[in-house]
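The sequence lines fix the lettering, A, B, ..., with proteins before strands; numbering per chain opens at 1. Because the structure is predicted, anything quoted here is derived from the model rather than measured.
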Protein chains: 2
Amino acid sequence: MDIFSTLQEDKSRLSASESRIAEIVVNDFEFAVNASIIELAERAEVSPPTVTRFCRRLGCESFSDFKVQLARTAHVGVRYLKPESKSHAPSDVAQDIITKAQNALFLLHRSLDLTAIEAAVAQIARAEMIYAFGSGGNSSMIADELQNRLFRLGLRATSSSDHSMQLMMAAAAKPGDVIIGSSFSGRNAELVRAFALAREGKVRTIALTQTDSPVASAAEIVVPIDLPEGTNIYRPTSTRIAYIATVDILASLVAYAIQPKALTTLRRIKQQLVAHRDGDDDKQLLGD
Amino acid sequence: MDIFSTLQEDKSRLSASESRIAEIVVNDFEFAVNASIIELAERAEVSPPTVTRFCRRLGCESFSDFKVQLARTAHVGVRYLKPESKSHAPSDVAQDIITKAQNALFLLHRSLDLTAIEAAVAQIARAEMIYAFGSGGNSSMIADELQNRLFRLGLRATSSSDHSMQLMMAAAAKPGDVIIGSSFSGRNAELVRAFALAREGKVRTIALTQTDSPVASAAEIVVPIDLPEGTNIYRPTSTRIAYIATVDILASLVAYAIQPKALTTLRRIKQQLVAHRDGDDDKQLLGD
DNA sequence: GGTTCCTGCAAATTATTTTCTTGATAAGTT
DNA sequence: AACTTATCAAGAAAATAATTTGCAGGAACC
């Protein structure tokens, strides 16, 4: 557990003086990690012992322990509390995008539903055939990615971003097959329809989407991905990164679940690639 | 600058005693961030003042400053020095993937070539037509992603993962057009050929790939993405994430470069989407 | 009115840094 | 070649600063 979550959760249990300390820590993180207990106490207009007690209440051993914990999580965690930079200079834009991406991963980690993931992995690992659905540029990439990752494991997988094809495939799928649908917004009505159709035919359905969304309610297993999307319309990235990481987690776990099969297939794909290109370099990746 | 880079670089300037401290810091990071100066000194078999001097040499104000800086970067930075967890438990796998992804972003940020990026952005922003090339599952995703991001800005863009098509498109492209090729390995011979063909016809070429690779030498502008790929064959993710972030940075900068045009196009795409789905929710993303 | 909890003061403890000194190494000099 | 001198690393001890503990006053809440 990190300090910031604890701060959020234990906010009510803090006394007036302690809240004042908390506020400074959240608002001026730079100051807080560099300050001594005395400086922090002065700025919050409390005594040093109060700061120590504050740290203890948050589950830290001591003030220095608190500072270290703060520095550790805040590197990733605190930035989403800060207003984004308004500059369009390349270095700022790059920094901003990378920070947001890291935050997305940080938030993803904290909100991961491992139970749902395990359930999804179990279904995928034993599926006869896997259909990955997603549309609209972002989710279609995720669908392709799912197929890309799963076929390498020796599983039968296909993907489609075409609504009509999705419906037809859902209708054609058999019990024992699995449909994985991705929707960033959770409001892809056609995907909902495909899920409904699939469930009628006893086909397993897995959704990668927002909780409490139409797509989520339509699927049997929901792997929830809930992230605040920034308001800047130019930059929908961070969510995308969280989805990719989730696909990666799913694919890795499936790989472990079906170990021997996956290993052979991967080896064969790799041999094929190496033979096809230059033979002297084994370091290249599987599939560029 | 973070402590770990400094440690790497100043390694030669450290004395014997200081190197012993450095070794402990790198190998047992957990101990180092939690220890007091006395504990650290004892373990390295040096005196406390030597530890203070060590911190100063690394550019820190004091020992506590050192600890804070260490904690800040290490959260992201140190883990790639450590052997990866061998457990296949879902939580460990998830943690591992997310950490690696964050590391990839961290490393990306430190190795970004902003000059190359600016040059690429300038070319893309004024291109008549943009061709995004990439093959093999990973890079083909990046090519699609480039198209996906750029067409939304009102630019003319297409993508292809088909080697033959790439060659034909490269031959058909005109001066004023831009070809962006992605290759994780840098050893995609067909892409090299397409680049050569394009350059004959005065078409601008941009490569997203490893430095000092065949693909890199074939392109006019190289946006280098150099990351150590983990050895685990199941998990090629982290590089992918760095590529996606890079595409995002490029696309965002292009968007800013051509502001008014991009804004109108985005607005029209959004209207189209909202009209097509349910009208009551403006929060949905551009393209799922 | 009693209990509980917050808070600050002052003292005690602990940690950290500074200063000073010693010893080692290397370059220069006779 | 032997001696001198400069430079620097490193520890001891002292000084300083930071942090914590114990205690007591006071406020708020039964």
Set of residues satisfying side chain to side chain contact (heavy atoms under 4.5 Å, CB included) with respect to Ser217(B), sequence neighbours excluded: none
Could you give the angle between the helix axes at the two ends of the helix from dG1(C)-dC30(D) to dT30(C)-dA1(D), with five pairs per end, rounded to 10 degrees? 10°
Test of understanding: with side chain to side chain contact (heavy atoms under 4.5 Å, CB included), list the residues that count as partners of Ser47(A), not counting sequence neighbours. Pro49(A), Thr50(A)
Pairing residues for Glu220(B) by the side-chain hydrogen bond (donor to acceptor under 3.5 Å, both in side chains) criterion, not counting sequence neighbours: Arg204(B)
Could you write out each protein N or O paired with an N or O of nucleotides 16-22 of chain D at a distance under 3.5 Å?
residue, atom, partner, partner atom, Å
dT19(D), OP2, Ile37(A), N, 2.5
dT20(D), OP1, Phe63(A), N, 2.9
dT20(D), OP2, Thr52(A), OG1, 2.7
dT21(D), OP2, Arg56(A), NH1, 2.7
dT21(D), OP2, Arg56(A), NH2, 3.2

Hey, would you say the Phe63(A) and Phe54(A) ring centroids sit under 6.0 Å apart? no
Qualifying side chain to side chain donor-acceptor pair (under 3.5 Å) pairs, either residue in residues 34-45 of chain B, two or more places apart: Asp28(B)-Arg43(B)
Before accepting this row, confirm whether a basic side-chain N of the pair Glu145(A)/Arg240(B) lies closer than 4.0 Å to the acidic partner's carboxylate O. yes
Does dA9(D) have OP1 or OP2 under 4.0 Å away from a side-chain N or O of Arg57(B)? yes
Return the set of residues passing side chain to side chain contact (heavy atoms under 4.5 Å, CB included) with Pro90(B) (not counting sequence neighbours), or none when no residue passes. Leu114(A), Glu118(A), Leu253(A)
Walk along DNA chain C from 5' to 3' and tell me the first and last nucleotide with an atom closer than 4.0 Å to a non-hydrogen atom of chain A. dC6(C) to dA10(C)
Using the test side-chain hydrogen bond (donor to acceptor under 3.5 Å, both in side chains), find all partners of Arg57(B) that sit at least two apart in sequence or belong to another chain. Glu18(B)
Under-3.5 Å N/O pairs linking protein and nucleotides 25-30 of chain D:
none

Partner set under side-chain hydrogen bond (donor to acceptor under 3.5 Å, both in side chains) for Ser91(B), not counting sequence neighbours: none
Those residues at least two apart in sequence (or on a different chain) that pass side chain to side chain contact (heavy atoms under 4.5 Å, CB included) with Asp113(A) are Thr115(A), Ala116(A), Pro224(A)
